[in-house]
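Here's the structure we're looking at; comments come further down.
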Amino acid sequence: IKAGLKILKSGNLSNFIGGWEKDFYGGKKIIQMEKNYAKAFNVKYAISVNSWTSGLICAIGAIGINPGDEVILPPWTMSACASSILHWNAIPVFADIEEDTLCIDPESIKKNITKKTKAIMCVDISGKSSNLNEIKKIARKYNLKIISDSAQSPFATYNGKKCGTLVDIGGISLNYHKHIHTGEGGVIFTNNKLYSEKCKMIRNHGEAVLKNRKFPLSNMLGNNFRMGELEAAIAIEQLKKLNNIVKKRERIANYLTKGLKNIKGLKLPKIYNDLSNVYYTYPIILKKEYNFDRKKILAYFKKYKISNMGSGYENLHLLPLFQNKQVYGNSNFPWKSEFNKRNISYKKGICPIAEIMNDKLYIGYSGISHFDLNKSDVDYLVKITKIIFNKKDIYL
């Protein structure tokens with residue numbers, strides 16, 4: 001509140017100008033915020049944006065994706081992951097997810113690579129990293145770029161390094177229901193200077209200042225993805241809290257695991273030696289062999305006033321946009337165009353693990369993201385879960 005009031009009293013709510021003469025990179029708080037985040041995440045460049053959706057658009061533009069290029073991503077995520085690819089007239093290709101992690105499956109990535117594949121988008125879902133060791137092997141073999149959407153995993157680590165910083169370009173969200181937030185916002189991370197400059201150009205009407213730039217940039221179409229000074233001031237303060245927020249999430253999640261671990265038929269989050277989990281949500285998966293009625297189980301949770309269960313993701317490839325292959329008016333561009341000569345399928349069945357999670361198996365708890373969640377809340381959740389899973393009518 002103090003940081004916000006200081007900005008309001010100054011009158012400088014934004015110092016960005018879409019021109020090269022001054023303030024192209026933003027005001028004092030933007031510059032300070034980006035330095036602080038770069039240091040905290042141990043990365044050379046941190047670039048602020050007004051949303052993580054904007055961050056994904058910048059990232060894809062920065063790595064040089066062309067119309068008709070294919071980018072492989074999982075369907076078990078938020079729609080912006082796919083729409084940011086379509087923004088550049090490139091084509092999303094969906095690979096399935098791993099049942100244990102719910103992150104993109106390296107084996108499915110391999111099956112979906114073609115001559116048109118240019119990048120892989122990993123989504124570090126629910127608070128933990130994708131399997132980057134295997135994904136990097138694939139990227140090296142096929143000369144692919146890797147984008148890391150770590151919106152849900154700030155300060156989660158993979159082999160001791162923070163998510164979003166181990167690939168060509170990545171980042172986190174500062175949306176209002178994330179670990180820390182500015183209302184809306186995002187931060188891009190990269191160690192590549194050219195990518196950093198391209199993101200800043202895309203963020204701030206780059207086409208208007210291109211002739212004055214020293215970097216080898218061309219055909220640069222920019223946007224207004226700029227964060228204001230007020231949001232930057234809030235982001236600086238929020239960053240100071242992140243470590244303690246993550247530790248609290250971990251404590252609550254461990255306590256929840258202890259309470260639920262003896263309930264038959266539930267698959268709880270696994271603990272891995274090489275990665276940490278900051279628990280954006282607490283994934284709970286029904287074991288297939290028990291033949292549970294997922295809808296009835298979720299109805300019981302709602303009856304007992306626990307409404308934060310089962311909020312997974314609709315499979316993106318089954319959304320009308322992909323079923324109809326229509327983005328721009330009534331045309332089927334870019335799927336039917338000079339850039340693309342093959343029929344890319346989005347039919348049900350191409351991502352069986354993601355599909356069965358949405359249809360039958362996923363009952364994860366998103367209430368763990370509540371800042372005021374305490375042990376008594378968890379005790380109630382465990383108590384109700386035990387009551388529900390002792391009922392005979394939850395089986396098909």
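In summary, the aromatic rings of Phe155 and Phe41 are positioned with their centroids under 6.0 Å apart.
Residues Val167 and Phe189 are not in side-chain contact: their nearest non-hydrogen atoms beyond the backbone lie 4.5 Å or more apart. Between Val93 and Thr117 there is no side-chain heavy-atom pair separated by less than 4.5 Å. Side chains of Lys44 and Ser196 form no contact here, defined as non-hydrogen atoms less than 4.5 Å apart.
The aromatic rings of His317 and Phe94 lie tilted to each other, with the angle between the two planes from 30° to 60°. Note: His177 and Tyr280 have tilted aromatic rings, judged against thresholds of 30 and 60 degrees for the angle between ring planes.
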Inset, instruction - Start with the C-alpha distance between Tyr279 and Ile252, add both sets of side-chain angles, then the distance that settles side chain to side chain contact (heavy atoms under 4.5 Å, CB included), and finish with yes or no. - result: CA-CA 9 Å; Tyr279 295 99; Ile252 290 292; over 6 Å; no
Inset, instruction - Go through the steps for Asn308 and His370 under the test side chain to side chain contact (heavy atoms under 4.5 Å, CB included), then give the verdict. - result: CA-CA 10 Å; Asn308 304 106; His370 293 182; 3.9 Å; yes
Legend entry - Evaluation steps, side chain to side chain contact (heavy atoms under 4.5 Å, CB included), between Lys136 and Leu166: CA-CA 10 Å; Lys136 284 184 174 183; Leu166 297 99; 4.0 Å; yes
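Under 4.0 Å is where a charged nitrogen must lie from a carboxylate oxygen, and between Lys270 and Glu98 no such pair does. Salt-bridge check for Asp359 with Lys348: passed, with a basic side-chain N closer than 4.0 Å to an acidic carboxylate O. Under a 4.0 Å N-O distance rule, the pair Glu250/Lys247 does not qualify as a salt bridge.
Between Lys111 atom NZ and Ile72 atom CD1 the span is 12.5 Å, to the nearest 0.5 Å. To the nearest 0.5 Å, atoms CD (Glu231) and CD (Glu184) are separated by 9.5 Å. Ile236 contributes atom CD1, which lies 4.5 Å from atom NZ of Lys29 (distance to the nearest 0.5 angstrom). Between the OH atom of Tyr195 and the CD1 atom of Ile47 there is a distance of 12.5 Å, given to the nearest 0.5 Å. Separation of atoms NZ (Lys383) and OH (Tyr304) is listed at 9.5 Å; rounding is to 0.5 Å.
Using modelled atom types, one side-chain atom of Trp88 and one backbone atom of Ile57 make a donor-acceptor pair closer than 3.5 Å. When atom types are taken as modelled, the side chain of Lys267 and the backbone of Pro283 share no donor-acceptor pair closer than 3.5 angstrom. Without hydrogens or angle criteria, Ser51 side chain to Ser54 main chain gives a donor-acceptor distance under 3.5 Å. At least one donor-acceptor pair under 3.5 Å links the side chain of Arg294 to the backbone N or O of Asn358. Distance alone, capped at 3.5 Å, is enough to place a donor-acceptor pair between the Tyr37 side chain and the Ala235 backbone. Side chain of His87 to backbone of Ile60: no donor-acceptor contact under 3.5 angstrom is found.
A donor and an acceptor atom, one from each side chain of Lys241 and Gln238, are located under 3.5 Å apart. With 3.5 Å as the limit, one finds no donor-acceptor pair spanning the side chains of Tyr158 and Ser130. Asn192 and Thr190 are not linked by any side-chain donor-acceptor pair at a separation below 3.5 angstrom, with hydrogens and angles left out of the test. Residues Asn277 and Tyr272 bring no donor and acceptor atom of their side chains to less than 3.5 Å of each other. In this model, a donor atom of one side chain and an acceptor atom of the other lie less than 3.5 Å apart for Ser126 and Thr281. A side-chain donor from one of Asp393 and Tyr300 sits under 3.5 Å from a side-chain acceptor of the other.
Counting all heavy atoms, side chain and backbone alike, Gly164 lies closest to Asp124 at N-OD2, 4.3 Å. Residues Cys58 and Val49 come closest through the heavy atom pair SG-CG1, 4.2 Å. Of all the heavy atoms in Lys264 and Phe389, the pair that sits closest is O-CD2, 4.3 Å. The two residues Cys122 and Ile146 make their nearest non-hydrogen contact at SG-CG2, 3.8 Å. The minimum heavy-atom distance between Asn204 and Gly18, with the atom names listed, is OD1-CA, 3.4 Å.
Around atom CG of Leu396, more than 12 heavy atoms belonging to other residues, nucleotides or ligands sit under 6.0 Å away. Heavy atoms of other residues, nucleotides or ligands lying less than 6.0 angstrom from NZ of Lys325 number more than 12.
Tested against Phe322, the residues Val327, Leu86, Asn315 include a single side chain to side chain contact (heavy atoms under 4.5 Å, CB included) partner, Leu86.
Looking at residues two or more places apart in sequence or on another chain, you find a salt bridge (Lys or Arg N to Asp or Glu O under 4.0 Å) between Glu34 and Arg203.
Because its NZ or CZ atom is not both nearer than 6.0 Å to the ring centre of Phe292 and within 45° of the ring axis, Lys360 does not count as a cation-pi partner of that residue. Both tests do not hold together for Lys200 against Phe24: distance to the six-membered ring centre under 6.0 Å, angle to the ring axis within 45°.
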